[in-house]
Student: 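One structure coming up, written as structure tokens, with questions to follow.
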Amino acid sequence: MGDNERLLANEAPAFSRAARVKYYNIVIRSGKGAVVTDVDGNDYIGLLASASSTNTGHAHPHVVKAIQDQAARLIQYTAAYFATENEAKLAPRLAALAPISGPKALAWGNSGSDANDAIIKFSRAYTGRPNIVSFTGAYHGSTYGSQTLSAVSLNMSRKIGPMLPGVVKVPFPDPWKRLKGETDDAFVDRMFAAFKLPFETYLPAEETAAILIEPIQGDGGIVKAPQKFMEKIYKFAHDNGILFAVDEVNQGMGRTGKWWSIENFGLEPDLMSVGKSLASGMPLSAVIGRQEIMDSLGAPGHLFTTAGNPITTAAAMATIDVIEDEHLIERSAKLGKRAEKFFRDEREKFPFIGDIRMYGLNGGIDIIDPETGKPDADATTKIIYRVFELGAIIISLKTNVLRFQPPLVITDEQLEKAFAILNQAFTDLAAGKLSLPDNAAEMGW
Ligand SMILES: Cc1ncc(COP(=O)(O)O)c(C=O)c1O
């Protein structure tokens, strides 16, 4: 028995199955750049970036030094009572990066989930209205509020209701809802009609505080809403005094080849949530919004003892330095184009590759049954498991979408090696050489 197995057996009796979507039986010990190493010493090229929370890679020296230096100075003093040095410097720097014109302000949190809870709180407080609209396919987090906003897995509402009142879900305009032969405009019109239906039948717009959207859904399959749809809901929000809020937890911090995914649409949010890669994976999040919205709640309406902690904010300052100094946003855009070409070339050879969506170094690749065009969950599991065996970590979304989100610092050689591994897995699947791993039934979303 190796150390991976030994430690997993050690953990198993003490660990809730609600707390992990399972993939491979490894225990990760260390990471450097785009490579992670397990406790048995196996190296993997990471194509997941710790769920898009390490855009600057693992153990970036500048981030490590910032954390180490700060740990020696002060590990914690709560920003809930006194400003601390790093967070006081970071607040205006981060707010300035937000794509919101005019005065803006922020509040700290510990997770993307609580940043989305903050969107509920601040939008209700500012508008004096109770209802929030979010989208099917969304993952907004795991607190009661953010889990209520989500709609990507039945396990997120199964057995735990009642959920937060005042949340209404409308369909996200993802390509799987598209009818055969439907034009882009007809699709947008149909999806916008579905969006408006609640407002026309039971949801008074004047009682709606916010529309919250992932402009590019992450866990929903890496899928971008059509530009015209976004413009229509944006206009609808503004025409009706509803705040337009975006979740940038997964797709922000350079992931899409821009600082923020909403910048791909040229629209300005009223409120936005940020987390994950903000502090290179240290637990720091923020809700950022127009100042008058952020002034609508009084203390202690949204504070946490450890939010804006000295170490996490030091890590965030260093993370922003790295993204700027190493031009990671440009790199994301450039490598994303290369990855898109790779997957398109593979699709010429392998008809089980369906739709390819790539926005920066950030892709969702559908695996389908070539005969029917329908999702092929088994083929997807075989591919990701083969990729794992060959030394890279990739996971699936929605049962049949390859989630391709390497750290933005991945080297050219590592990326080429990852392509070679993926090509080998595709080749093996096409040759009928792959079977399902023993734990296939418990793997994935
Ligand atoms: C878009 C989005 N929002 C919010 C969250 C929740 O973030 P956290 O897990 O840090 O609470 C996630 C996590 O996957 C996410 O992808």
Side-chain angles (χ1 to χ4, degrees), residues 16 18-23 48-55 107-121 132 134-153 155-157 164 167 169 172 174 210-225 245-256 258-265 269 271-288 302 304 306-309 312 315-316 319 357 359-360 362-364 395-398 401 403-405 444-445:
S16 164
R20 182 174 300 144
V21 183
K22 282 196 181 171
Y23 283 94
L48 179 59
S50 179
S52 196
S53 68
T54 56
N55 288 0
W108 301 121
N110 297 300
S111 68
S113 303
D114 67 44
N116 286 322
D117 283 1
I119 285 178
I120 302 176
K121 294 185 199 175
I132 314 284
S134 63
F135 287 82
T136 59
Y139 186 91
H140 292 301
S142 213
T143 54
Y144 254 107
S146 60
Q147 201 154 316
T148 305
L149 296 166
S150 304
V152 69
S153 161
N155 279 350
M156 296 180 76
S157 44
L164 196 72
V167 174
K169 314 281 185 12
F172 188 83
D174 59 57
I211 295 163
L212 171 63
I213 190 165
E214 289 172 84
I216 297 174
Q217 282 194 339
D219 291 321
I222 317 285
V223 45
K224 185 177 183 213
V246 295
D247 180 338
E248 294 283 351
V249 173
N250 186 315
Q251 296 285 305
M253 302 299 291
R255 176 53 65 190
T256 71
K258 311 255 184 209
W259 265 107
W260 313 110
S261 67
I262 190 63
E263 290 176 294
N264 292 286
F265 300 85
L271 281 167
M272 61 192 267
S273 53
V274 189
K276 287 195 189 259
S277 279
L278 170 58
S280 291
M282 293 289 276
L284 177 70
S285 67
V287 58
I288 314 174
H302 188 73
F304 306 89
T306 54
N309 160 282
T312 62
T319 299
R357 301 171 295 281
Y359 321 106
N362 178 52
I395 67 164
S396 56
L397 297 167
K398 285 179 71 79
V401 179
R403 174 179 185 167
F404 184 80
Q405 293 189 308
W445 279 78

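Residue numbers run from 1 in the order of the sequence given. In each ligand, atom 1 is the first atom listed, and ligand 1 is the first ligand listed.
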Student: As an exercise, identify every atom of ligand 1 less than 4.0 angstrom from a heavy atom of Asp219.
Tutor: 14 (O), 16 (O)
Student: Out of all atoms in ligand 1, which are within 4.0 Å of some heavy atom of Asp247? Include the element for each.
Tutor: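 Near Asp247, the atoms of ligand 1 are 1 (C), 2 (C), 3 (N), 4 (C).
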Student: Decide side chain to side chain donor-acceptor pair (under 3.5 Å) for Thr256 and Ser261; before the verdict, give the C-alpha distance in whole Å, the side-chain angles of both, and the deciding distance to 0.1 Å.
Tutor: CA-CA 6 Å; Thr256 71; Ser261 67; 5.8 Å; no
Student: Considering the heavy atoms of Asn250, write down every atom of ligand 1 situated less than 4.0 Å from one of them.
Tutor: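 In order of number, 1 (C), 16 (O).
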Student: Report the nearest protein non-hydrogen atom to atom 12 (C) of ligand 1: residue, atom name, distance rounded to 0.1 Å.
Tutor: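 Result for atom 12 (C) of ligand 1: Tyr139 CD2, 3.5 Å.
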Student: Find all atoms of ligand 1 within a distance of less than 4.0 Å from any non-hydrogen atom belonging to Ser113, and give their numbers and elements.
Tutor: 6 (C), 7 (O), 8 (P), 11 (O)
Student: Specify side chain, backbone, both or neither for Thr143, according to which of its non-hydrogen atoms lie closer than 4.0 Å to ligand 1.
Tutor: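 Contact part for Thr143 vs ligand 1: neither.
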Student: Which atoms of ligand 1 have any heavy atom of Glu214 under 4.0 Å away?
Tutor: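 Listed by number with element, the hits are 1 (C).
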Student: If the cut-off is 4.0 Å to any non-hydrogen atom of Gly141, which atoms of ligand 1 fall inside it?
Tutor: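 Those qualifying, in numeric order: 6 (C).
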Student: I'd like to check which ligand 1 atoms, numbered from 1 as shown, lie under 4.0 Å from a non-hydrogen atom of Asn116.
Tutor: 3 (N), 4 (C)
Student: Give the residue, atom name and distance (to 0.1 Å) of the protein heavy atom nearest atom 14 (O) of ligand 1.
Tutor: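 Of every protein heavy atom, Lys276 NZ, 2.7 Å lies nearest to atom 14 (O) of ligand 1.
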Student: Judging by distance only, is a nitrogen or oxygen of Val249 under 3.5 angstrom from one on ligand 1?
Tutor: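 No, no N or O pair falls under 3.5 Å.
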Student: Is the cationic atom of Lys224 (NZ for Lys, CZ for Arg) positioned less than 6.0 Å from the six-membered ring centroid of Phe265 and within 45 degrees of its normal?
Tutor: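 Judged by the rule, Lys224 and Phe265 form a cation-pi pair.
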Student: Nearest protein heavy atom to atom 8 (P) of ligand 1, by residue and atom, and its distance?
Tutor: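 Result for atom 8 (P) of ligand 1: Gly112 N, 3.5 Å.
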